[in-house]
Amino acid sequence: MDRTIAALRAEHDVLAELTRTLTDGQLAGTSGAAEWTVAQALSHLGSGAEIGLAPIRRAAGESVDAEDNQTIWARWDSSTPRAQAEGFLEHNGRWVETVEALTPEQRSSLTVDLGFLPEPVPLVTALGMRLSEVANHSWDVRVGVDPDARVEAGSAEVLLDLLAGPVGFMLSFLAKPAELANPVSVGVPGGGLVIDDAVTVVPHLEAPSATFDGPAEAFVRLLSGRLKAPYDQGVTVEGAVTLDDLRRVFPGF
């Protein structure tokens, strides 16, 4: 829990520092998510923070009146690129501050009703899902300005642990295991990836049938469909599957 919150703070600080320097031209440029501009990627993170704050505050016992999601999205979508960037700074900063202020007891005991899952989830699950979104979309923003950008190493390390634990269920939404004809196990930085009828991240593999040779941040980008040319330099896969095979399993979001 504490590592996840620390990673979310670090993500915000890095992206906020960059956002404050972006020109109008950079905000209008294409992000790592090809269908979005840099400003739209920031808008996605900012609106997500605004929407996601209310469930956390309710979980902490506060009475919260909030606009419906469609109204919030419409307001962000109609904003100028500069306002979208400034809105990210405001709302994501407030979201992180709210989470940081939770007591140790709250961090260990709260459950959060996110509204789109069958039941409330432990706080660490909600925050882990947010870290996955922030780490990947932060990369979308940063790579739109710097083609050598990488997912933050600290976030990648925490995400691998989360994917092997409380947010592992996300892989059922991210992956298409039927793209492979046969089951495989892939050694990855700090753990392993098993693809059979389902997809799981595990802490360790004894005898993988393939090996992913690249940093943990590249593996995180693979899972979200972001390990594509020209952002895949230096990454190789050897053994029973190829990198292209794995990219079919993880088409991205």
Side-chain angles (χ1 to χ4, degrees), residues 3-4 7 10-11 30-35 41 124-125 127-144 146-253:
R3 291 170 61 220
T4 302
E11 286 283 356
T30 303
S31 75
E35 69 277 13
V124 69
T125 301
L127 299 191
M129 294 173 67
R130 178 63 179 174
L131 179 59
S132 177
E133 182 173 41
V134 169
N136 283 289
H137 290 310
S138 174
W139 179 84
D140 289 338
V141 172
R142 291 182 288 108
V143 82
D146 174 11
D148 294 325
R150 299 290 184 265
V151 168
E152 291 293 301
S155 294
E157 181 181 342
V158 175
L159 280 170
L160 288 176
D161 288 344
L162 288 166
L163 287 165
V167 301
F169 70 93
M170 289 177 56
L171 294 166
S172 65
F173 302 108
L174 297 174
K176 298 183 181 297
E179 289 292 326
L180 297 185
N182 300 302
V184 298
S185 57
V186 185
V188 304
L193 174 70
V194 178
I195 306 172
D196 42 35
D197 292 337
V199 176
T200 53
V201 171
V202 296
H204 178 69
L205 281 175
E206 286 293 340
S209 58
T211 302
F212 179 97
D213 186 8
E217 71 85 23
F219 178 64
V220 168
R221 288 192 288 116
L222 170 70
L223 299 181
S224 67
R226 285 164 169 77
L227 191 59
K228 301 175 181 177
Y231 310 119
D232 57 353
Q233 296 181 8
V235 176
T236 59
V237 176
E238 297 182 356
V241 291
T242 67
L243 180 54
D244 283 338
D245 290 333
L246 293 177
R247 283 193 274 234
R248 291 200 311 275
V249 176
F250 301 102
F253 59 89

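- Residues V184 and A240 share a closest heavy-atom pair of CG1-CB, 4.2 Å.
- Considering only heavy atoms from C-beta on, E217 stays 4.5 Å or farther from R226 through its side chain.
- In this structure the side chain of V188 never reaches within 4.5 angstrom of the side chain of V201, judged on heavy atoms.
- Atom CE of M170 and atom CD of E133 lie 8.5 Å apart (nearest 0.5 Å).
- At most 12 non-hydrogen atoms from other residues, nucleotides or ligands lie less than 6.0 angstrom from CG of D197.
- Atom CD of Q233 has 12 or fewer heavy atoms from other residues, nucleotides or ligands within 6.0 Å.
- Shortest non-hydrogen contact noted between A7 and V158 is CB-CG2, 4.4 Å.
- The CG atom of L180 lies 6.5 Å from the CZ atom of R248; values are rounded to the nearest 0.5 Å.
- Residue P251 comes nearest to L174 through the heavy atom pair CD-O, 3.7 Å, listed as atom of the first residue, atom of the second, then distance.
- A210 and V241 get closest at one heavy-atom pair: CB-CG2, 3.8 Å.
- Using modelled atom types, no side-chain atom of T125 and backbone atom of V167 make a donor-acceptor pair closer than 3.5 Å.
- Using a 4.5 Å cut-off on side-chain heavy atoms (C-beta onward), V237 and T242 make no contact.
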Discussion item. Would R221 and K228 count as a side-chain contact (heavy atoms from CB on, under 4.5 Å) here? Give the steps.
Written reply: CA-CA 9 Å; R221 288 192 288 116; K228 301 175 181 177; over 6 Å; no
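- Considering CG of L193 and CG of L171, their distance stands at 7.5 Å, rounded to 0.5 Å.
- Side chains of L131 and E11 form a contact here, defined as non-hydrogen atoms less than 4.5 Å apart.
- The closest side-chain heavy-atom distance from E179 to D245 is not below 4.5 Å.
- Remark: side-chain polar atoms of S31 are paired, donor with acceptor, to backbone N or O of A33 under 3.5 angstrom.
- Side-chain contact check for R142 versus E152: some heavy-atom pair is nearer than 4.5 Å.
- The structure places OG1 of T4 at 4.0 Å from CG of L162, a figure rounded to the nearest 0.5 Å.
- Among all heavy-atom pairs drawn from D196 and P183, the shortest one is CB-CB, 3.9 Å.
- Note that CG of L163 and CZ of F169 are 10.0 Å apart. Values are rounded to the nearest 0.5 Å.
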Practice prompt. Test side-chain contact (heavy atoms from CB on, under 4.5 Å) on L205 and V194 and set out the steps.
Written response: CA-CA 9 Å; L205 281 175; V194 178; 4.0 Å; yes
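- Here the closest non-hydrogen pair linking P189 and P215 is CG-C, 3.8 Å.
- With values rounded to the nearest 0.5 angstrom, L243 atom CG is found 7.0 Å from F212 atom CZ.
- Looking at heavy atoms from C-beta onward, V220 lies out of side-chain contact with W139 at the 4.5 angstrom threshold.
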